[in-house]
Amino acid sequence: MDVSTTVFAVSCPGTPITGTRALQKERQLNQFLAEVERRALRIAEIGVRDRDEALDLVQDAMIKLVRNYSERSHEEWAPLFYRILQNGVRDWHRRQAVRNRVMVWFGRKSSDDNDYDAIAAAPDPAGRAPDEELQSSQAMQRLEAAVHELPTRQREAFMLRTFEGLDVAGTAMAMGCSQGSVKTHYSRAVHSLREQLEDHRPE
Amino acid sequence: MNEPDDTFEKKLKATFDASVDELDAARLSRLNRSRHAALAELQRPRHQWSIWMPATGVAAAVVVAVMVMQSPTAVNEIPGTATVTDMEILLGEDSIEMLEELEFYSWIDTAEMEGDVG
């Protein structure tokens, strides 16, 4: 037994020792999840506009990826993870639509009426001046609102391509559509955002 | 991972990245816990039945196929013959009479085959 296996056995008492390959897989998955989790959370937050729900969706996506696709190649993890996450976001919207209809039926206020401030309560770890921080917050709020207004498929294509940095093939896999569709959705999304966020345009 | 080429998209990406960097400690902590919860799935043994289910399904299908192929009715019976005979009997003029004496005709038939009659 080598050193790494020994460490694994000590750190996880009562669990089966499955060797260095399992340990290596765990490390790779940990590295992958640590790399994508913060961007994934922000993408989910923009998608559902609810912090707690977004955290739950990201956790579900992590668990499903590890449970069902840990044996797949490392290159496939990102598209698979985002596919699970996007499916989760879509399911969440479907449930919300049903819930809101029920709430309206019983004369209750819809949850969409809540004002969501994506940046509120977030401290500035970069230590910027308040006016600089405010400017950045306002820019993100505008961007977030504009992205949220996009049709679902355009929003997914834009966030996966621009925010997450997936290529066209990876985005197509994550969205479950053709590469041609990704290009169309992405192009339309950028066009819409240009119109809404003119001050971001290069001079 | 591809970086966006366009300056406009780069600016949007930079704005987004800034918001990622500004995630508060509570959310970062929750993400950390979520990641460890997910990785714990690797240690969870899969149910035995889920491992054997595909093999069991194939075995069951083979058993059913063999049973169907080995069935005496499936192999030896000539479909249609008995049905035609029955129809002729039922459509015949003296079918009612015959049905009334079905036991007798059955005995005649058996006796003829054994050579006791005639």
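Quick note on labels: first sequence line is chain A, next is B, and so on, each numbered from 1.
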Under 4.5 Å between any side-chain heavy atoms of B:Arg30 and A:Asp56, yes or no? yes

Interface residue of largest heavy-atom contact number with chain B, from A:Lys25, A:Met62, A:Glu37, under 4.5 Å: A:Glu37

Quick one: which of B:Ala26, B:Ser34, B:Ala40 has the most heavy-atom pairs under 4.5 Å with chain A, could you say? B:Ser34

Turns out that what part of A:Ala34 lies under 4.5 Å from chain B's heavy atoms comes down to both

Quick one, B:Arg27 and A:Glu45 - any side-chain contact, counting heavy atoms below 4.5 Å? yes

Does atom CZ of A:Arg188 have more than 12 heavy-atom neighbours from other groups under 6.0 Å away? no

I want to check something: taking the side chain as every heavy atom from C-beta on, are B:Phe16 and A:Ile46 in contact at a cut-off of under 4.5 Å? yes

Would you mind reporting whether A:Leu197 and B:Leu12 have side-chain heavy atoms less than 4.5 Å apart? yes

Output, in order, the C-alpha distance, side-chain angles, deciding distance and verdict of salt bridge (Lys or Arg N to Asp or Glu O under 4.0 Å) for B:Asp17 and A:Arg42. CA-CA 9 Å; B:Asp17 287 345; A:Arg42 291 293 297 124; over 6 Å; no

Could you pull out the closest heavy-atom pair between A:Val66 and B:Leu42, with the gap in Å? CG1-CG, 3.7 Å

How far does OG of B:Ser19 sit from CZ of A:Arg38, to the nearest 0.5 angstrom? 10.5 Å

Single hit among A:Leu65, A:Asn68, A:Leu29, A:Ile63 for side-chain contact (heavy atoms from CB on, under 4.5 Å) with B:Glu41: A:Ile63

Heavy atoms from other residues, nucleotides or ligands near CD of A:Gln31 exceed 12 (cutoff 6.0 Å): no

Between A:Leu55, A:Leu33, A:Val58, the one whose heavy-atom pairs under 4.5 Å with chain B are most numerous: A:Leu55

Less than 4.5 Å apart, any side-chain heavy atom of B:Val20 and any of A:Phe163? no

